[in-house]
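Here's the structure, in structure tokens; my notes come after.
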Amino acid sequence: MPNKLSSITKAEILEALDFIDHNGIPKDNEWNQYWIMYNRIPYPFKHSVHLASKFKIDFRSDHFYRTRISELGFNIQFKSEKGKDKAPKFWIGASYFGESPNHIPMLEDFIKNSYWATDHDFSSKTGKTIDKRLSQVSINDRIAIRFFSRKNSTIAIAALGTVKSIDEIHNGHLEVIWDYFPKLYNGPKPSGQGAGNWWNTFLEISRPEDIELIFDHEITNKRLSRLTWNLEHGYMSPSGRQGKSKDLKSHEGQFGYGHEEWLFDNAKLIDGYHYGFLEPVRKYQKFHTGKIYDVTFYTLDADSSIRYEVGEVYGLEVIDEQLADSIKQQYKTNGWLQEMEQQIIACGANDNGFSGFNGIDIFNVRYRPENLRINSPYKAIPKENAIYSAQRYTFIQDTSFSLNIEEEEEQFIFITPFPPSSNDGKDTNEDTGQPKRKKSFRKPKEVEIVYLHDAISIALTQKIRGIHQHQNVHPEHPAGYGQHRIDIVVNTNQGLVFYEIKTYPSILTAIREAFGQLMEYSYWSKHNRAVKIIIVTQIPITPKAKEYFNHLRDKFNLPLYYQSFDLSTGHLSEIT
DNA sequence: TTTCTCGATTTTGCCACGAT
DNA sequence: ATCGTGGCAAAATCGAGAAA
């Protein structure tokens, strides 16, 4: 009798996955144990197959059917509901039982009976380390079985799977659901610092590149990096000596500026990238070259010794010397290098030798400006945070340093000024009872990312024209008074919709800048009313901002909305 | 900034021996 | 003849902090 699913083709499954991409997963189908992995994105197995069959075939997701579908070329993985949100760990296990002379191959049994185990005596020396490692395994961790050749220093992965249960862990036994149709690595053994000892019976691997290689699983490589103090200029040009290290041995102390002070100067772009410099990268350039990081920046105000979280950037790439040199050459050609030199002089620092630096000492990283988020204002890091014990410019990986600063609960209560008599009649209500640090703190300087504004404007116009037809979408529409122009005006059945694009690196600044303009455009003249006013930025909405828009609409009946536009994918978010 | 030291991690050597 | 395999130990390497 033919398999119920034998009529389903690969193309139909792909179509179903595409449908899910656009329409999401219905609530009822979110509870799922088996997932089709496609382009590293998990799709619920049963729902996907159902869709592919146009709901014609009713079946229970069992081993037989999963095998059938996986044979079409789909990797299917198990993931339990338990501890679903926890980040998995990645383990490598041996394929044999027994000690040296008497090896018993176990792979077949492991696969057939859905487990991995070791027969080690946990009282022996190596047994104890294995026991210790096993105790750190949790449900949904991933595990691989390896063969190896010590002579050639190569490994071959024989199976990949997910830990389903750890109940028998004290017996050295893990219940594992092995992947269907896995991509199995076979090649040189990961080596070097952080690779772990692959000859061990059981080990955890943690380097992102290894996890990607073995498990085809992408890990965001998060780092913390300290920046020199540059509040006044918002890392768009050197800000002079105030708040900086006074240590004459450091570059900063010696010259009065650091090369990272142009890190957020997004007006200077080459092929969509901004090139900058990070001191912690310089120290281990060789190690970091070619890697990609999500970096959170913090800074230290040397005058108050308060540390602040400045912002973060996603997908920061560490470049090599060759590229750095060619970028320096381009900066020279564009006259930007000279501009930078003038900025050094303008802030009162010493520009001696600036033009003589190697490319790699001026540029060692690059990022796309749309991936930059700046806190406005910078978030003060509580004194208890471990970051206060980090003294140097290092690229911190340790999660114990995680900033994770809670959004400050805004509190506004009226503060009674001191009565005049208490202080010779002078008003001293500036720092009433508050810690001193607050008084000198101002918002960072931010500028709009001009290129991004233009690019979004063009792409968005095109996108909306696809929906509302060419003649109903007018970019750069005159506001009807003065020389002002509205970024995009759309003529819909319900009336006019105004779009204002803002590309500041912080969402709050973007909203603030757009708000006044939009109010003016729509209400300055009573005829020009828009039915909807939409602020568009490159930053996905935050819960706080969402609340703000709801509040504005509730309280004042303003038809004000927010959308974010992802330039790389051309995706426009829901209206919020 | 450079060099040194120390501890931790990783690699290699050696043993034994069955499988190829 | 050569290789895969795990334990154990020794050797090599690495990273971070201290000292120079």
Side-chain angles (χ1 to χ4, degrees), chain A residues 90-110 116-134 136 144-159 172 184-211 213-214 221 223-226 245-255 258-259 279-289 291 352-353 357-358 360-361 386-401:
Chain A
F90 297 85
W91 305 94
I92 308 294
S95 61
Y96 285 76
F97 272 1
E99 296 216 354
S100 288
N102 312 306
H103 294 301
I104 310 161
M106 291 302 294
L107 180 66
E108 212 177 305
D109 201 51
F110 287 163
W116 178 88
T118 174
D119 65 342
H120 265 82
D121 170 12
F122 287 160
S123 59
S124 78
K125 201 180 158 194
T126 31
K128 273 185 187 133
T129 46
I130 292 174
D131 190 26
K132 207 173 136 201
R133 287 171 181 175
L134 272 172
Q136 290 168 28
I145 296 178
R146 62 100 179 89
F147 290 98
F148 65 67
S149 160
R150 259 167 79 152
K151 183 154 172 49
N152 302 323
S153 199
T154 58
I155 53 153
I157 302 298
L184 302 173
Y185 174 78
N186 186 349
K189 178 187 75 65
S191 64
Q193 200 59 35
N197 190 342
W198 278 75
W199 316 129
N200 285 172
T201 299
F202 190 64
L203 86 146
E204 181 181 5
I205 58 168
S206 56
R207 295 192 309 193
E209 60 265 42
D210 297 342
I211 292 169
L213 183 72
I214 307 298
N221 207 344
R223 297 284 179 140
L224 265 174
S225 176
R226 182 178 150 188
S245 165
K246 287 165 187 72
D247 183 357
L248 279 178
K249 277 184 277 179
S250 69
H251 181 282
E252 193 175 272
Q254 204 180 338
F255 295 96
H259 288 166
E279 174 62 18
V281 169
R282 186 195 61 82
K283 287 190 177 164
Y284 300 100
Q285 175 72 40
K286 216 170 85 189
F287 175 78
H288 292 303
T289 300
K291 298 220 167 93
N352 269 354
F357 280 107
N358 291 324
I360 199 72
D361 291 321
I387 199 74
Y388 279 88
S389 62
Q391 288 301 335
R392 297 197 168 97
Y393 283 88
T394 47
F395 226 21
I396 303 166
Q397 189 173 27
D398 197 321
T399 45
S400 62
F401 282 93

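In what follows, chains are A, B, ... by sequence order, proteins preceding strands, each numbered from 1. Every heavy atom of this structure was used, including side-chain atoms; hydrogens, water molecules and symmetry mates were not.
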So, using side chain to side chain donor-acceptor pair (under 3.5 Å) as the criterion, who are the partners of A/Asp131 when residues are at least two apart? none
Nearest-Å distance for atom pair [atom1]/[atom2], residues [X] and [N]:
X        : N      : atom1 : atom2 : value
A/Phe97  : C/dG6  : CZ    : P     : 12 Å
A/Leu107 : B/dA19 : CG    : P     : 17 Å
A/Glu204 : B/dT9  : CD    : C1'   : 15 Å
A/Asp361 : B/dT1  : CG    : P     : 10 Å
A/Phe147 : B/dT20 : CZ    : P     : 12 Å
A/Asp210 : B/dT10 : CG    : P     : 10 Å
A/Arg150 : C/dG6  : CZ    : P     : 9 Å
A/Arg133 : B/dT9  : CZ    : C1'   : 11 Å

A/Asn152 side chain to A/Thr154 backbone, donor-acceptor under 3.5 Å: no
Using every non-hydrogen atom in the two residues, find where A/Ile155 and A/Pro188 come nearest and quote the distance to one decimal. CG1-O, 4.2 Å
Decide yes or no for [X] and [Y]: does some side-chain heavy atom of the first lie under 4.5 Å from some side-chain heavy atom of the second?
X        : Y        : value
A/His288 : A/Arg282 : no
A/Leu134 : A/Thr118 : yes
A/Ile157 : A/Phe147 : no
A/Met106 : A/Trp116 : no

Reckon A/Ser191 touches a base, only the sugar-phosphate, or nothing at all at heavy-atom distances under 4.0 Å? sugar-phosphate
Under 4.0 Å between any heavy atoms, over every strand shown, what does A/Trp199 touch: base, sugar-phosphate, or nothing? Just pick one. base
Presence of [X] side-chain N/O under 4.0 Å of [N] phosphate oxygens OP1/OP2:
X        : N     : value
A/Lys151 : C/dT5 : no
A/Arg146 : C/dG6 : yes
A/Ser149 : C/dC3 : no

According to the interplanar angle, ranging from 0 to 90°, do the rings of A/Phe202 and A/Trp91 count as parallel (below 30°), tilted (30 to 60°) or perpendicular (above 60°)? parallel
Which of these passes side chain to side chain contact (heavy atoms under 4.5 Å, CB included) with A/Ile145: A/Ile92, A/Leu184, A/Leu107? A/Leu107
I'd like a table of atom pairs between the protein and nucleotides 12-15 of chain C - only N or O on both sides, under 3.5 Å - with the distance next to each one.
from: C/dC14; atom 1: O4'; to: A/Gln193; atom 2: OE1; distance (Å): 3.4
from: C/dC14; atom 1: O3'; to: A/Gln193; atom 2: OE1; distance (Å): 3.2

Step through it carefully: locate the ring centre of A/Phe148, locate the ring centre of A/Trp198, and say whether they are under 6.0 Å apart. no
The answer to which of A/Thr154 and A/Asn197 contacts DNA chain C further toward the 5' end, by nearest nucleotide, is A/Thr154
Name the closest nucleotide to the A/Tyr96 side chain, picking from B/dT11, B/dT12, C/dG6. C/dG6
Using five pairs at either end of the helix from B/dT1-C/dA20 to B/dT20-C/dA1, determine the angle between the two local helix axes and round it to 10 degrees. 50°
